[in-house]
Amino acid sequence: MEMLNSDPITVSTSRSRSRSRRWRAGLLAGTGVLAVLLLPASPALAAPAAEGGVHAWGNDEYGEVGAIPGILADGVTGVEAGSYHNAVAIRDGVPHFWGNDDYGQVSDVPAEVRAGGLTDVLFGGATGYALKDGRVHAWGYDESGEVTNVPETLKQGGVTAIAGGYGTGYAIKDGRVHAWGDDESGQVSGIPEELRAGGVDAIAAGTKNGYAIKDGRVYVWGNDEYGQVSRLPDALKKGVSRVIGGYGTGYAIRQGRLYAWGDDQYGQVSGLPATLRRGGVTDVAAGFDNGYAVKDGRVHAWGNDDFGQVSKVPDALRSGVIDVSAGGFSGYAVRAVDRCSRQG
């Protein structure tokens, strides 16, 4: 894929929010004024047993698209992407990392994590998180204690799920939500009491937001600039099987139907394809200002398209897709029984 240049462009919106590509990309490491999309908390290792190759499209500033390890052309069971130009895929139970390494996201991965045997592995911005033998491991960007302040109880075992947000980590242990790191918007201290009491089924993270599912109901806390908390659809009070967070936008799957709420500056909510609202959705992922979903094995994309993350979804992903993930400006998918052409 041709690499897109990083010359500044200005995008006007109804809220007069202007960004250049270079400025927005800088935000992804947490170095800017605003936080940006973090990795949705979908377990990379919870993908179906089918295996395939990793496909990627969109921004390629750090080789997050063009430098996918050749070994990932087949035999892959899941892929996860981070907002700061990073990705990880699982093959033969072992994680393979590539992309930006400004904060050691690739080179400083703990040996225990590289050895495999993981329950989950993901990126939250430029911070990596992994779950192995019920213990949380973290590495990379550490401005808010995402790495150094992981609670000791989460390193001792018993953790069943993890998620990574902008400067904030989340985990479920004994059915309760635990959080650490940045708390600027109450994403740590504002965890609803219902979630501290236990019985939590799933956890996810967005930009300065936490998301969880308990008894089929979605809970959201933290930043509410775009109504991520206050505008949660009433339909999501029961029957929800999946929730994720993006930059100011939340997505959830209920009975196969995809729901969206929050920031809609690029059509992340209003541009949701009608076919996804009707049912049959099996997976969803959130990029910086765009979304991806899988229905009938096909990847659907909508929202911001600055780097072709919507318009350049590979034709091969019209069928057979078993997993989809989103970086800040790039999309990733695994297509079953597939072998991709790789360089090097």
Side-chain angles (χ1 to χ4, degrees), residues 1-13 17-40 42 54-68 79-89 97-103 105-106 122-128 140-141 164-166 205-207 244-249 251 262-268 271 284-293 299-314 317 324-333:
M1 175 174 287
E2 179 182 0
M3 181 179 291
L4 298 172
N5 65 55
S6 57
D7 294 337
I9 62 170
T10 299
V11 180
S12 298
T13 73
R17 184 171 82 181
S18 299
R19 305 170 180 153
S20 72
R21 287 178 177 172
R22 184 180 299 278
W23 180 74
R24 289 172 62 189
L27 287 174
L28 296 174
T31 56
V33 177
L34 297 176
V36 293
L37 163 80
L38 307 171
L39 184 76
S42 59
V54 174
H55 296 254
W57 63 100
N59 185 46
D60 194 30
E61 184 176 357
Y62 291 91
E64 59 266 49
V65 171
I68 299 173
V79 62
E80 286 291 348
S83 59
Y84 197 52
H85 315 287
N86 289 101
V88 54
F97 301 87
W98 70 96
N100 183 273
D101 195 35
D102 284 352
Y103 302 95
Q105 309 97 294
V106 175
L122 53 87
F123 280 110
T127 306
Y141 195 63
Y166 169 77
T207 301
I244 64 169
Y247 176 88
T249 308
Y251 296 97
D263 186 15
D264 192 34
Q265 296 181 64
Y266 293 92
Q268 305 98 298
V284 61
F288 187 83
D289 285 317
N290 74 286
Y292 300 104
V299 171
H300 297 258
W302 65 98
N304 186 22
D305 195 34
D306 279 356
F307 295 91
Q309 59 266 54
V310 172
S311 60
K312 295 184 179 179
V313 177
L317 303 182
V324 68
S325 187
F329 308 107
S330 306
Y332 300 82

Practice item. Dump the intermediate steps for side-chain contact (heavy atoms from CB on, under 4.5 Å) on D102 and Y84, then the final yes or no. Key: CA-CA 9 Å; D102 284 352; Y84 197 52; 3.0 Å; yes

Exercise for review: Starting from the C-alpha separation in whole Å, work towards a yes-or-no answer on side-chain contact (heavy atoms from CB on, under 4.5 Å) for F123 and F97.
Suggested key: CA-CA 10 Å; F123 280 110; F97 301 87; 3.8 Å; yes

Check your understanding: To the nearest 0.5 Å, what is the distance between CD (E61) and CZ (F307)?
Key -> 7.5 Å

Practice item. Identify which one of V284, L317, V299 satisfies the side chain to side chain contact (heavy atoms under 4.5 Å, CB included) criterion when paired with Y292. Key: V299

Review point. Do T249 and D289 come within less than 4.5 Å of each other through their side chains, counting heavy atoms only?
Key: no

Review point. Can you name the closest pair of heavy atoms from A301 and Q309 and give their distance?
Key: CB-O, 4.2 Å

Check your understanding: Looking only at heavy atoms, what is the nearest atom pair of A126 and Y103, with distance?
Key -> CB-CD1, 3.8 Å

Point to revise | Closest heavy-atom pair and its distance - V310, G303 | key: CG2-O, 3.7 Å

Practice item. Classify the side-chain pair S311/D305 by whether it contains a donor and acceptor separated by less than 3.5 Å. Key: yes

Review point. What's the shortest heavy-atom distance between V65 and S330, and which atoms?
Key: CG2-OG, 4.1 Å

Revision key, fill the gap. For T207 and Y247, the nearest pair of non-hydrogen atoms, with its separation, is OG1-CA, 3.3 Å

Practice item. Measure the spacing between CG of N86 and CH2 of W98 and express it to the nearest 0.5 Å. Key: 10.0 Å

Point to revise | Test item: side-chain donor near acceptor, N59 and E64, under 3.5 Å | key: yes

Check your understanding: Of all heavy-atom pairs between Q268 and N290, which one has the smallest distance, and what is that distance?
Key -> CG-N, 4.1 Å

Exercise for review: Would you please test W302 and Y251 for ring pair (Phe, Tyr, Trp, His ring centres under 6.0 Å) and show each step?
Suggested key: CA-CA 13 Å; W302 65 98; Y251 296 97; 5.8 Å; yes

Check your understanding: Will you find, in the side chains of N100 and Q105, an N or O donor that is under 3.5 Å from an N or O acceptor?
Key -> yes

**Study point:** Main-chain N/O of G140 paired with T127 side-chain donor or acceptor, under 3.5 Å
**Key:** no

Check your understanding: Any donor and acceptor pair, going by atom type alone, linking the side chain of D60 with main-chain N or O of Y62 inside 3.5 Å?
Key -> no

Exercise for review: Answer yes or no: is there a donor N or O on one side and an acceptor on the other, between the side chain of D101 and the main chain of V106, under 3.5 Å?
Suggested key: yes

